[in-house]
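All values below come from the heavy atoms of this structure, side chains included, with hydrogens, waters and symmetry mates left out. Numbers here simply count residues along the sequence, with the first being 1.
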Amino acid sequence: MNKFIPLFILTFFTLACTTRENIKEKPKLGQNNILTDIQNQIENIRISNDYLLQPGDLLEVKVYMEENMDRTLRISANGTITFPLVGNIKVGGMSVAAAEGKLSDELKRYIKNPQISMLIKEYGNKTVYLLGQVQKPSAIEIPPEKPLTVLEAITSVGGFTDIAAPSKVKVLRMENGRQKAIDVDIAQITKYGQKSLDITLMPGDVVFVPQSMF
């Protein structure tokens, strides 16, 4: 996750000259304001208890006063991590706070009053990010059984806020080492049924919904 924020900086500073698809209009919001908004929302996601841990997430786990037990661990495909003394422990599908509590309970058999802290250093490669003017800015997982479109992703986090600009949604994507910004007009999809405009999201995509200027 530490490498994620600089990617946005590069994306927005090269937005004007980057190859685009379906782009008809540049965002009217100030570039610095957009960048600040994205950085703040990413940080909020990182510390939120609403995010559920997923396979592929990279965790930094620390045990207070037990530095020899500190580990950086990636959650396996079956949702587990392997930790000293307790072995495999399932944390997939749990909030960070719940996973900290579970690991603490397991370690109580070996350590008196263990104090656990977990930090998500990287999100798993099936994660997409919903930021900007959506009801619940979040990192969500692409379901394994079917593709996830932009409209479906926005709907899954409660839809737009009252001040959103549905016609100016952007998908930020890394493709072949290059930053790409793809415009998606959700208003055309929902009002006029133009489903062909609703693109399939890829792992690591960021869906950004700007504020309406009207």
Side-chain angles (χ1 to χ4, degrees), residues 1-27 29 31 34-46 48 50-58 75 120-161 164-190 194-211:
M1 194 65 183
N2 293 337
K3 298 179 180 178
F4 188 62
I5 293 176
L7 172 60
F8 283 107
I9 297 174
L10 183 58
T11 297
F12 276 98
F13 275 89
T14 58
L15 196 58
C17 60
T18 301
T19 301
R20 300 177 180 218
E21 295 177 5
N22 303 327
I23 294 180
K24 298 180 181 179
E25 184 176 351
K26 295 180 181 179
L29 288 179
Q31 193 175 72
I34 294 175
L35 176 58
T36 300
D37 190 19
I38 286 178
Q39 290 175 323
N40 289 339
Q41 290 189 64
I42 290 172
E43 186 61 26
N44 289 338
I45 288 172
R46 292 182 65 185
S48 172
D50 294 330
Y51 177 75
L52 301 182
L53 296 171
Q54 304 292 339
D57 288 349
L58 186 67
I75 301 176
I120 304 173
K121 293 181 66 66
E122 294 177 6
Y123 288 95
N125 61 6
K126 292 186 178 180
T127 300
V128 296
Y129 305 84
L130 282 298
L131 302 177
Q133 295 302 320
V134 292
Q135 293 291 346
K136 187 178 179 182
S138 307
I140 63 174
E141 186 181 20
I142 298 174
E145 67 277 5
K146 68 182 186 70
L148 180 69
T149 69
V150 176
L151 179 57
E152 290 170 340
I154 293 172
T155 301
S156 74
V157 296
F160 297 107
T161 67
S167 63
K168 299 183 183 299
V169 175
K170 287 191 177 295
V171 175
L172 308 181
R173 176 178 295 173
M174 279 291 293
E175 190 171 275
N176 298 323
R178 301 181 66 184
Q179 290 80 34
K180 177 185 291 186
I182 308 170
D183 280 356
V184 182
D185 189 341
I186 297 297
Q188 292 290 325
I189 299 169
T190 56
Q194 297 191 30
K195 295 182 179 180
S196 62
L197 300 179
D198 192 12
I199 69 171
T200 299
L201 292 170
M202 303 294 291
D205 279 355
V206 177
V207 179
F208 182 76
V209 181
Q211 179 177 333

Taking side chain as C-beta onward, heavy atoms only, is L148 less than 4.5 Å from P143? yes

Is the closest side-chain heavy-atom distance between I182 and R173 below 4.5 Å? yes

pair V150-V171: side-chain heavy atoms closer than 4.5 Å: yes

Partners meeting side-chain hydrogen bond (donor to acceptor under 3.5 Å, both in side chains) with Q194 (sequence neighbours left out): Q188

Could you tell me if the side chain of F208 sits less than 4.5 Å from the side chain of V134, heavy atoms only? no

Under the side-chain hydrogen bond (donor to acceptor under 3.5 Å, both in side chains) rule, collect the residues that match up with T200, sequence neighbours excluded. none

Backbone N or O of A165 within a donor-acceptor pair of the S167 side chain at under 3.5 Å? no

Check: L151 main-chain N/O paired with D198 side-chain donor or acceptor under 3.5 Å: yes

Flag the pair I140 / T127 as yes when at least one side-chain heavy-atom distance between them is below 4.5 Å, and no otherwise. no

Using a 4.5 Å cut-off on heavy atoms from C-beta on, say whether the side chain of V207 contacts that of L131. no

Would you confirm whether E122, through its side chain, and D57, through its main-chain N or O, come within 3.5 Å as a donor-acceptor pair? no

Stepwise, does the salt bridge (Lys or Arg N to Asp or Glu O under 4.0 Å) test hold for K170 with D183? CA-CA 5 Å; K170 287 191 177 295; D183 280 356; 2.4 Å; yes

What residues form a side-chain hydrogen bond (donor to acceptor under 3.5 Å, both in side chains) with D185, not counting sequence neighbours? none

